[in-house]
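Here is the structure we will look at.
Numbered from 1 within each chain, the chains take letters A, B, ... in sequence-line order. In what follows, every heavy atom counts, from backbone to side chain, and hydrogens, waters and symmetry copies are set aside. Worth saying up front: this structure is predicted, and the values here are computed from it rather than measured.
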Number of protein chains: 2
Amino acid sequence: MARMEVSRDGNGVESRPSRASVGRLSLYLRRLEDLEREGSGTVSSVQLGDAVGVTDAQVRKDLAHIGSLGQPGIGYPTPELITAIRRVLGLDREWSVAVVGIGNLSRALLRYRGFPQRGFRIVALFDTDASKVGQRLDGLPIHSLDQLPEVLAECKAELGLVAVPAEAAQKVADALVAAGIRGLLNFAPAVLRLPANVNLVSVDLTVQLEQLAFLVQMSAD
Amino acid sequence: MARMEVSRDGNGVESRPSRASVGRLSLYLRRLEDLEREGSGTVSSVQLGDAVGVTDAQVRKDLAHIGSLGQPGIGYPTPELITAIRRVLGLDREWSVAVVGIGNLSRALLRYRGFPQRGFRIVALFDTDASKVGQRLDGLPIHSLDQLPEVLAECKAELGLVAVPAEAAQKVADALVAAGIRGLLNFAPAVLRLPANVNLVSVDLTVQLEQLAFLVQMSAD
DNA sequence: GGATGTGAACGACTTCACAGCG
DNA sequence: CGCTGTGAAGTCGTTCACATCC
């Protein structure tokens, strides 16, 4: 490929994508995979922008972060772009995920085909509920929470998915961190406190619904 | 730079909270409700900031959007602040919600106590699956999708929750919009296209998980 | 003293506009 | 000509610093 890029002090040529940009890269990637299936060899920034709901300039800026693949007058070569985005997002490898809290939400996530498709492999399940411990779900045994250190030491999950009630969330997060997890996807309606070397993405459904209520109220002329 | 801003009523210049700010207001509100339960009559911006993980200046800016309730040297009166935030977010009323796509995700949301607590009432369920139609879930009957116009005309749901596969999402969204819905919370991994007068909040789990993968990969020391 | 409210500086992200290449 | 890549300008949001008030 191109070059080893770690931004030089001051004026690096390629800055790393911003957080917002990363979200859009995911969306581009999804669209690109569809396009490739449809046999489209190249895409323009306008096409991608339309599909994702952003301007063409925004698309070009986002894609500039990952190197210059575009050909003036032509567009971007679909397969190369897919590979490049996958690499930037860290999807050119497998990620193993541990899930804590086996309720309806976790079941929904386990059944969701998008995850394995993108290289996320769920490798361990945990719950405190004694009636669930020992059962199997999609071929995986449900472990008790206090088995977490041993089980995680063995299966080496890098990501943790927290789907427990708010009261239990911090405790669970701490246990996962202690077991060496590198990142958490939190669904509990709670603000988690983690050491700086552990990454966190939170999906707070109440907050999202309240955002919507706010927007609707605002747009009530 | 005193630009003419559109402000509601008489007292002073209140700009509306930004989107990001609204998310934080939700978090403040949750914390404030806890504090009130604990009997705390006033809060400082430092306390709130610590609880939510933002700076005190950020808290003050956010709260300034909703009027000046704070008392220098004292802090903010908890109950008044709660009321004010509720009003700004549109939580001083009930919202009726229709849910389309009755899978594990919807079941998780139906069971989630945070929603009714905040005034979100689920009033109708829809699914295409003939084996589900006619069944009841938490006391509510599951309707077929083509009953959507009639049922929604009667129960007057203002918000729609889309929890169907990506392929069906746009069609469902269109149906909800046609039925007069004012806002959508979308869980399908798809970019929806809606008329400007219908609000949209999307929760794309794949995107979130990919964000996490990116962050973890980036922080690989 | 302790805490708010807020201009001003700062930084991050987006849009614009256009040079330049295929 | 169409489309990319990118400085420049613009916009938005956050942090700072401090006057102000209890």
Q. Below 4.0 angstrom from OP1 or OP2 of D/dT4, is there any side-chain N or O of A/S45?
A. yes
**Q.** Test salt bridge (Lys or Arg N to Asp or Glu O under 4.0 Å) applied to B/R30 and A/D204, step by step
**A.** CA-CA 12 Å; B/R30 187 187 288 156; A/D204 196 315; 2.8 Å; yes
Q: Walk me through it: do B/R24 and B/D62 pass the test salt bridge (Lys or Arg N to Asp or Glu O under 4.0 Å)?
A: CA-CA 8 Å; B/R24 287 190 299 267; B/D62 287 338; 2.6 Å; yes
Q. A/D174 and A/Q170: side-chain donor and acceptor closer than 3.5 Å?
A. yes
**Q.** Per-nucleotide protein contact string for nucleotides 13-22 of chain C (B base, S sugar-phosphate only, - none; heavy atom under 4.0 Å)
**A.** SSB-B--BBS
(Q) Checking A/Y112 against B/T206: is there a side-chain donor and acceptor pair closer than 3.5 Å? (A) yes
(Q) I need the CG-C1' distance between A/L69 and D/dT4, as an integer number of Å. (A) 11 Å
Q. For B/L81 and C/dT4, what is the distance between atoms CG and P respectively, to the nearest whole Å?
A. 11 Å
Q) To the nearest Å, how far apart are B/L63 CG and C/dT4 P? A) 9 Å
Q. Can you find a pair of side-chain heavy atoms, one from A/I85 and one from A/L91, that are under 4.5 Å apart?
A. no
Q.
Checking A/S96 against A/R121: is there a side-chain donor and acceptor pair closer than 3.5 Å?
A. no
Q. Roughly how many Å is it from NE2 in B/H65 to P in D/dC12, rounded to a whole number?
A. 13 Å
Q) Rounded to the Å, how far apart are A/I66 CD1 and D/dT6 C1'? A) 16 Å
(Q) What is the separation between atom OH on B/Y76 and atom P on D/dC22, rounded to the nearest whole Å? (A) 15 Å
